A.B. asks: 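Handing you this structure, nothing more for now.
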Amino acid sequence: METPANSSQGAEEKAQSSLDFIRQAVASDLQSGKCSGVVTRFPPEPNGYLHIGHAKSICLNFGIAKEFGGRCHLRFDDTNPSKEEQEYVDSIQEDVRWLGWDWGPHLYYASNYFQQLYDWALYLIRAGKAYVCDLNADEMRAYRGTLREPGRESPYRNRSIAENLRLFERMKAGEFPDGSRTLRAKIDMAHANLNMRDPVLYRILHAPHHRTGDKWCIYPMYDFAHGQSDAIEGITHSICTLEFEDHRPLYEWFIENLPVPHKPRQYEFARLNITYTVLSKRKLLDLVQGGCVSGWDDPRMPTLAGLRRRGYTPEAIRAFCDKIGVAKSNSTVDVAFLEECLRDDLNKRALRRMAVLQPLKVVLENYPDGRGETFELPNNPEDPAAGTRAVPFTKSLFIEREDFQEDPPKKFFRLAPGREVRLRGAYLVTCTGVIKNDGGEVIELRCKVDHATRGGSAPDGRSPKATLHWVSASHAVDATVRLYDRLFAKPNPDEYPEGADYKANLNPRSLVVLEGCKLEPGLKEAKPGDRFQFERQGYFCCDPDSGEGRLVFNRTATLKDAWAKIQARTGGGKIVKGEG
RNA sequence: UGGGGAGUCGCCAAGCGGUAAGGCAGCGGCCUUUGGAGCCGCCAUCCGGAGGUUCGAAUCCUCCCUCCCCAGCCA
């Protein structure tokens, strides 16, 4: 992120609260003069789509660069061609940009450094610090030892420098099959840290690379590529997750033993976990390939593509990443926290609309047949500047099915026989009749309008406890509404019964599709990506499946629902809202 | 029973020897033409445990307990 001007503003704001341990280190390095500027990097492997966990890392890296007036590189860690694809490098760039970050001209690939890395491998060989090993994978595992027993030195460990050079050259030339040989660092087979027991630097992989094609058939391992890439790019603070903590000695070993132009420092923080979802690329890939979801961008997926389609805003995700903090203890953040960040953002900006998801017809018996009027309703009560929109009102309307109960329980203060409620922005109406079909199901209501309450307020000051949303039957536009809920039914999907796997915890009601929903007519113009608050229902986002006279909306999040809470408390329960 | 990390409110998380921030959730109340939003109040005499140092410890020392990561030619 290139932010020459106005760069310290963020840091100052942060300082007012308190800096996380990484920002403290950055601030201290800057102040002590150890670093003259800060350079970070976000280094994804292009083997899957970015998810909310990556967002935490992205916001950390790009955020620090922005706050401290430095820059952040986007670098693809593409050292394993067998798993990586161009589709992923494209989606990653799209997602980082969507999140609101800009790497300027600093787009890099570890594969750009393959030649330099190869030269450095030669350097280590010449220094007697690396050797070609003929052990196969099984043998190497056996030689590595265990957690408490030291390993044994490879029989190939003491080859001459000349032979190592010759063999490595031939590995590069493609003379040997995959897996037959590796280049290893000569460190210490008895080291307590397994990463230091002569780690593999290069393996043979006769696989075309999405960027280098078939130029190479040997590829550097993560450990041999990452730190040196950081060094090449002048990264000052190389931030990664906790599981790389015990790779740090190796990271430093390379930096110390190679003539690198710069010495970066690695810092580790706890990766993000969220309740009711999984955040591992392996499982996410599994869900996609297993058909459990419609794709990487299924609105139930915690991927940035999924969250975007669900209706999440980049602002909400950034706020979330900001608020959860950065530390080193393993943590699982309540998904309700993410949802709250979304509501907080959308409450201020989303235009309000009325949408009846499960329609129940209402006929106003004392309202003239041919009459129609229009009400001007605010687009957003939180923001008068958002203006108003016109909503038509007629004798026959739709209201929400669950807003009427023939035999209302305690604390249910919506519509019931003989009861008066307010139709938002329109009139006070009283239920005077209930029409049922042969099955005893309520199919229509008769109500009487109090004509003196036009606009929704009564001259005598009375005010019903409930205000319902409504749509004029003759003006309503039909739509499909997809009610999304948590992908998993358990807070921790990894708690599954013996013999099962995490997919046993998939929430069977994570998607409920409603057809024939009745929306206020203005919504006909909605375009994919448009977000609204459907009053009293939640936030919804127009899905790309819309078009050619078809409207599809995705529920991003429900509104907080006091009535649902009361029901849950009293053992009741909602059927379709299903918000855990 | 090797090495590396972490343990502060149900969930995140400040705190860095001077006497427990904040957010989310929850619970009350006010307000409200969204049972939304907003506003007000409550919510850790205690910081994994036990000792010790100190006038004073969540912060320093000792021992113990629990959890996470590492034995890919993945990243």
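These figures come from a predicted structure and were not determined experimentally. A note on names: the letters A, B, ... follow the listed sequences, proteins ahead of strands, and every chain is numbered from 1.
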A.B. asks: Which side chain to side chain donor-acceptor pair (under 3.5 Å) pairs, counting each pair once, include a residue from residues 188-203 of chain A, with sequence neighbours left out?
C.D. replies: A:Tyr131-A:Asp198, A:Arg157-A:Asp198
A.B. asks: For A:Asp334, answer base if it contacts any base atom (sugar-phosphate contacts may also be present), sugar-phosphate if it contacts only those atoms, and nothing otherwise; contact means non-hydrogen atoms under 4.0 Å.
C.D. replies: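 Result for A:Asp334 = sugar-phosphate.
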A.B. asks: Examine the base of B:G4 for any acceptor or donor lying under 3.5 Å from a partner atom in the side chain of A:Arg248, and report the outcome as yes or no.
C.D. replies: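 Looking at the base of B:G4, it does not pair with any donor or acceptor on the side chain of A:Arg248 (distance under 3.5 Å).
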A.B. asks: Counting any heavy atom closer than 4.0 Å, what does A:Phe413 reach on the DNA or RNA strands: base, sugar-phosphate only, or nothing?
C.D. replies: base
A.B. asks: Donor-acceptor pair under 3.5 Å: do we get one between A:Glu268's side chain and the base of B:G4?
C.D. replies: no
A.B. asks: Do A:Asp230 and A:Tyr251 pass the side-chain contact (heavy atoms from CB on, under 4.5 Å) test, and can you show the C-alpha distance, the side-chain angles, and the key distance before you say yes or no?
C.D. replies: CA-CA 10 Å; A:Asp230 286 342; A:Tyr251 182 102; 2.7 Å; yes
A.B. asks: Any base atoms under 4.0 Å from A:Thr332, or only sugar-phosphate, or nothing? Heavy atoms, all strands.
C.D. replies: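 Sugar-phosphate, backbone atoms only, no base.
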A.B. asks: Look through every strand shown and name the nucleotide pairing with B:U53 as Watson-Crick or G-U wobble, where both distances are under 3.5 Å.
C.D. replies: none
A.B. asks: Across all strands shown, which nucleotide pairs with B:C11 by Watson-Crick or G-U wobble geometry, both distances under 3.5 Å?
C.D. replies: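 Here B:C11 is engaged in a pair, and the nucleotide opposite it is B:G23.
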A.B. asks: Measure up the A:Phe532 and A:Phe553 rings against each other and bin them: parallel (under 30°), tilted (30 to 60°), perpendicular (over 60°).
C.D. replies: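 A:Phe532 and A:Phe553: perpendicular rings.
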A.B. asks: Check every strand shown and say whether A:Ala192 touches a base, only sugar-phosphate, or nothing at a heavy-atom separation below 4.0 Å.
C.D. replies: base
A.B. asks: Report yes if a donor N or O on one partner sits less than 3.5 Å from an acceptor N or O on the other, where the partners are the side chain of A:Gln533 and the base of B:U34; otherwise report no.
C.D. replies: yes
A.B. asks: Mind listing the residues from residues 143-156 of chain A sitting with a heavy atom below 4.0 Å of RNA chain B? Number order is fine.
C.D. replies: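 Within residues 143-156 of chain A, the residues near RNA chain B are A:Arg144, A:Thr146, A:Leu147, A:Arg148.
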A.B. asks: Give A:Glu45 one of three labels, base, sugar-phosphate or nothing, depending on what nucleic acid heavy atoms sit under 4.0 Å from its own.
C.D. replies: sugar-phosphate
A.B. asks: Look through every strand shown and name the nucleotide pairing with B:A6 as Watson-Crick or G-U wobble, where both distances are under 3.5 Å.
C.D. replies: B:U66
A.B. asks: Taking the ring of A:Phe375 and the ring of A:Phe393, is the distance between their centroids below 6.0 Å?
C.D. replies: yes
A.B. asks: Once you apply a heavy-atom cut-off of 4.0 Å, does A:Ala327 come out as touching a base, just sugar-phosphate, or nothing?
C.D. replies: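 Here A:Ala327 touches the backbone only, sparing every base.
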